[in-house]
**Student:** 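Attaching a single structure in structure tokens format; questions to follow.
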Amino acid sequence: MGKREKNKKKGKGAEKTTIKTDKKLAARQKKMIAKLGEDDIETIVAKYEAIETKSSDLTEVLCAPPTARANYSICSHPDKEEIFINGGEFFNGQKTFVYGDFFCYNITKNEWKVLKSSICPAPRSGHQMVSVSTDGGQIWLFGGEFASPSQLQFYHYKDLWVYRIAKKQWEKINAANAPNARSGHRMVVTKKKLFVFGGFHDNNTSYRYFNDLHCFSLENYTWTKIEPSGTPPAPRSGCCMIANPEGKILVWGGYSKSNVKKEIDRGVTHADMFALTSDKNDLESYKWTSVKPGGKRPPPRSGMSAVIAANGKVYTFGGVLDTEEDEEDVRGMFSNELHSLDPASHSWRKLDLSTKKKTLKPQEAEMEEETKPAEVKTVVHDDGVFTVSVGGPSQSSSSTKMNSETVDLGGPTPRMNSGIVVCKGLLYIYGGLYESGSRQYTLSDFYSIDLHKMDQWKTLIANSLTGNEWLGSDSEDGSSDDDEGSDDDDEDDDSDDDDDSSDMDTE
């Protein structure tokens, strides 16, 4: 009896310690925010959301391509040769910029327009967009997050928006029972329904990953939380998710974190695949089934991009492969591989481009050799931090400097989180991310490839680093030269520890 009571008491002590630790982290963060003079995140977001009360006055202006950004959302027009990009963020080593702009790329004219309206989603990143053909075309947008300039504060959205392409109008859809606020989720459309899965919520003192499933009816504008039978995928964000016209949904890969010991989290790259199907006799009843794909499967990667084409095949690009890890170090390789997946047979295939060789004159061969791009080598450090060496093998990754000139390497270089869409038989890759030491490179290059020929990439916008001003540390280990922490932040850390001493098991 006494032992049971002691164990019970010990559990309460552990809970109290956790609560106090969270309070200390929150207090420390509050001090740092005050020191920086940064507004409360709720106040910052409110400035943008207040705009929603004004009347719609959308304008279209020809513009340059979008500036370098990460974690934006991208989709193609359901019927025309147009591609849309919304939001995203850019980090220069010291400050984060979150965007709310909305771009349209006309493929035929090869021109960009920025679409401006006083009624529109607030700036965000990590959100999702899908398009449908209804009423001349609609673009649906859900969720995402807003980070303060210091990245000490995060605001997660749970709002749903529709952009009516024919009317050129945004509308916020207020429907009950929406999913919890989140970013890094995935959203697909099939059978006149939007399906939202996964994602995460992070307030910089604690985090949570989701594996819940929600659907939104495009016919009656209602949210429903789905409780499928079977074993669901583990909680994750940034996974791949596709839906075919028959209603079958596949989910695979993704990323999550788990605690391995005090103050150390281990990132997990998921390698499993699941199918979500509805009951033939009850279309409102769903089931999760574990899938074992065949063929030449890509290695487990996080940050892989996926899209389903009109031919019924799924195409994936890029990502990061972990190849070596211990408790505090992860190493791996960037990828620029292109794979296809048959959703019916779950069979993978690696796509090797069938480039056509031409006979060159001696002068042309000499010119080609002189202008041949240098070898690109990639290494991953510290749980998704990338080192990219541009140049021959004799160059050191720590000393290599990327210049600000345009670099065309004949196709997209290895990267993660690139934008991928298919439009009229062409697959498009836009931007992505890699890091070198503690330096982050945000890409804004643009490529296409004909899915019928699969011969070679066409460069629409070459790889340019002019928008990558970096104000942070370039150290290889990712350490900062200007740590914000100070001793006075910890002055109260041990003030309450004695209260828990009696709850500890000392036997």
Side-chain angles (χ1 to χ4, degrees), residues 70-71 74 126 128 184-186 188 197-200 209 211 233-242 250-258 265-275 290-308 313-326 329-343 346-353 376-388 411-421 427 429-436 440-443 447 449:
N71 302 319
I74 187 170
Q128 286 281 284
H185 53 285
R186 291 295 177 259
V188 296
F197 171 80
F200 73 98
Y209 286 83
N211 67 340
R236 65 194 66 192
S237 73
C239 59
C240 294
M241 183 177 181
I242 62 93
L250 289 179
V251 171
W252 70 96
Y255 176 87
S256 63
K257 289 191 297 185
S258 60
D265 293 324
R266 164 58 54 210
V268 177
T269 298
H270 297 278
D272 45 8
M273 177 180 285
F274 294 83
S290 178
V291 173
K292 295 188 180 300
K296 192 171 179 62
R297 291 179 290 174
R301 294 190 178 120
S302 59
M304 179 186 287
S305 303
V307 66
I308 188 167
K313 293 183 180 179
V314 176
Y315 295 89
T316 68
F317 176 82
V320 177
L321 165 66
D322 293 342
T323 59
E324 177 184 335
E325 62 181 277
D326 54 35
D329 185 55
V330 176
R331 296 177 183 272
M333 294 294 293
F334 252 141
S335 172
N336 64 344
E337 291 178 352
L338 190 62
H339 291 258
S340 68
L341 171 69
D342 184 339
H346 308 131
S347 179
W348 283 102
R349 178 187 173 194
K350 183 181 177 183
L351 302 177
D352 295 314
L353 306 189
V376 177
K377 290 194 170 184
T378 59
V379 184
V380 180
H381 294 288
D382 297 327
D383 202 4
V385 178
F386 317 114
T387 299
V388 178
T413 55
R415 64 194 66 199
M416 68 177 290
N417 293 341
S418 55
I420 184 171
V421 292
L427 183 144
I429 298 290
Y430 189 91
L433 279 176
Y434 66 84
E435 297 183 5
S436 176
Q440 178 173 290
Y441 290 94
T442 307
L443 306 175
Y447 306 88
I449 191 168

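Because only heavy atoms are used, hydrogens play no part in the values below, and waters and symmetry mates are left out as well, while side chains stay in.
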**Student:** Has the side chain of R236 got a donor or acceptor atom that lies under 3.5 Å from a matching backbone atom of G253?
**Tutor:** yes
**Student:** Between R415 (side chain only) and G431 (backbone N and O only), is there a donor and an acceptor less than 3.5 Å apart?
**Tutor:** yes
**Student:** Hey, mind stepping through V268 and Y209 against side-chain contact (heavy atoms from CB on, under 4.5 Å) and telling me if it holds?
**Tutor:** CA-CA 12 Å; V268 177; Y209 286 83; over 6 Å; no
**Student:** Between S302 (side chain) and T269 (backbone), is there a donor-acceptor pair under 3.5 Å?
**Tutor:** no
**Student:** Can a salt bridge be assigned to the pair E337 and R301 using a cut-off of 4.0 Å between side-chain N and carboxylate O?
**Tutor:**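 Salt bridge between E337 and R301, a charged N being under 4.0 Å from a carboxylate O: yes.
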**Student:** So, taking the atom named CD1 in I420 and the one named SG in C240, what distance separates them when rounded to the nearest 0.5 Å?
**Tutor:** 9.0 Å
**Student:** Identify the heavy atoms of G267 and Y255 that sit nearest to each other, and give their distance.
**Tutor:**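 Closest approach of G267 to Y255, heavy atoms only: CA-OH, 3.4 Å.
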**Student:** With side-chain contact (heavy atoms from CB on, under 4.5 Å) as the test, would you mind laying out the steps for L443 and Y434 before giving the verdict?
**Tutor:** CA-CA 8 Å; L443 306 175; Y434 66 84; 3.6 Å; yes
**Student:** Do N336 and F317 come within less than 4.5 Å of each other through their side chains, counting heavy atoms only?
**Tutor:** yes
**Student:** Judged by atom type as modelled, is there a donor-acceptor pair below 3.5 Å linking the side chain of D342 to the main-chain atoms of S347?
**Tutor:** no
**Student:** Identify the two heavy atoms, one from T442 and one from A70, that lie closest to each other, and give their separation to 0.1 Å.
**Tutor:** CG2-N, 3.7 Å
**Student:** Restricting to non-hydrogen atoms, name the atom on C239 and the atom on W252 that form the minimum distance, rounded to 0.1 Å.
**Tutor:**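 Closest heavy-atom pair between C239 and W252: CB-O, 3.4 Å.
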**Student:** So which heavy atom on Q128 is nearest to which on H185, and how close?
**Tutor:**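 Scanning both residues, the minimum pair turns out to be CG-O, 3.4 Å.
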**Student:** Would you say N211's side chain and A234's backbone share a donor-acceptor pair under 3.5 angstrom?
**Tutor:** no
**Student:** Give the intermediate values and the outcome of side-chain contact (heavy atoms from CB on, under 4.5 Å) for residues Y430 and V421.
**Tutor:** CA-CA 9 Å; Y430 189 91; V421 292; over 6 Å; no
**Student:** Provide the closest heavy-atom pair for I74 versus G419 in the form atom of the first, atom of the second, distance.
**Tutor:**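 Heavy atoms only, the tightest pair is CG2-CA, 3.8 Å.
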**Student:** Can you spot which of I308, V307, L250 makes a side-chain contact (heavy atoms from CB on, under 4.5 Å) with V314?
**Tutor:** I308
**Student:** Does K292 form a side-chain contact (heavy atoms from CB on, under 4.5 Å) with H346? I'd like the steps, not just the answer.
**Tutor:** CA-CA 8 Å; K292 295 188 180 300; H346 308 131; over 6 Å; no
**Student:** Of all the heavy-atom pairs spanning L341 and M273, show the shortest one and how long it is.
**Tutor:**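 So the two residues come closest at CD2-CE, 3.9 Å.
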**Student:** Roughly how far, to the nearest 0.5 Å, is CG of L338 from NZ of K350?
**Tutor:**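 Rounded to the nearest 0.5 Å, the NZ-CG separation comes to 10.5 Å.
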